[in-house]
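Not measured: the values here are computed from a predicted model. Just follow the structure's listing: the first ligand is 1, and inside any ligand the first atom is 1.
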Amino acid sequence: MSNVDYREELENILKEAKCEIEKTDNSKDLNDLRVKYLGKSGIVTALMKKLKDLTPEERPNFGKVVNELRDSIETLLEAQKEKISETEKMSAYQKLWVDPTMPGARRSVGHAHILTKVQKELEDIFISMGFSVVEGPEIEESWFNFDALNTPEWHPARDSHDSFYIDDKLLLRTHTSPVQVRTMLSRKPPLAIVSPGRVYRRDYDATHLPMFTQMEGLYVDHDVTVRHLKYFLEEFAKRTLGESAKIRLRPSFFPFTEPSFEVDIYFNNRWFEVLGCGMVHPNVFKNVGYDPEEWRGLAFGFGVERITMVKYGVKDIRDLVRNDLRFLENW
Ligand code: PHE
């Protein structure tokens, strides 16, 4: 084999390899080419095997050029490998590509329920008048819910048809007034608190829910009178519903207040019955260890749903718990 012969042959192999390698566009084809040229029975390996047929003088030179050929092909393969992995990466990016100018998926952000908003608003009004906010348990002992509030065994409110009893002693509280008792037992007068929370009664119609929200108020001090009571309630009505709102007190009865009143609020040309109130009964003071000769107290309790209905013109109280977004989204 002459010098010229094999040089030409090797150059052709290199040209062919370059051409093939540069055409490949994926790692599998590229690997096939590596096998074809550099593999155990590949073209370049076969050339190496020819060494033994050459004369000793020819061998070193031939070996050198075949090695060069192998290195060149190796370099071409490596370069193409780089290129392919780059385009493969790009096409993976293409698949993930996001058009930032497309309109986004709109995520709806919720808001507090109308009752929660009104409750917070009412709390803030009383806080601004010096009251603090306290809470009590919804599962209550009948002593706190009734006895301590001067409500004896025979009182109709204790009828199991009106209340949800858990056992003989425990029930779902029927009003927030037991928080008056809990507060007076744990604090010393003078004190002024409001206590919002859920209460439970066996009622269900357009104006009554079996579970609703009350806010209790209690102010105990020396020389507290009905005038203070009227002032707080009038102030509360005007701040909630606006300056045009008026209140009126009607005589009423609660076992734990004396005298007792129902309060109506005048708003949008109508009177609404919204709360019960009165001066803390001496027996209640005795039950919590306060001296009725020394202390006077005013107490009130109103329905947060009622206030919400008056303020926003809600006709059916049940709308407040139906979870119908068409209703709730209005506020
Ligand atoms: N607890 C009474 C009710 O649920 C309301 C009330 C509270 C009355 C405080 C007087 C004093 O109807």
Salt-bridge test for R239 and E121: reply yes if a basic N is under 4.0 Å from a carboxylate O, no otherwise. no
Hey, are E20 and K36 close enough for a salt bridge, meaning a charged N less than 4.0 Å from a carboxylate O? yes
Step through the shown structure and confirm whether more than 12 heavy atoms of other residues, nucleotides or ligands are within 6.0 Å of CZ on R227. no
Is the distance from the ring center of F126 to that of F300 below 6.0 Å? yes
Do F256 and H175 have ring centroids that are under 6.0 Å from one another? yes
Protein residues near ligand 1, heavy-atom distance below 4.0 Å? H175, S177, Q180, R201, Q214, E216, F254, F256, T257, G276, C277, A299, F300, G301
Where M184 and Y290 come nearest, the two heavy atoms and their spacing: O-OH, 3.0 Å
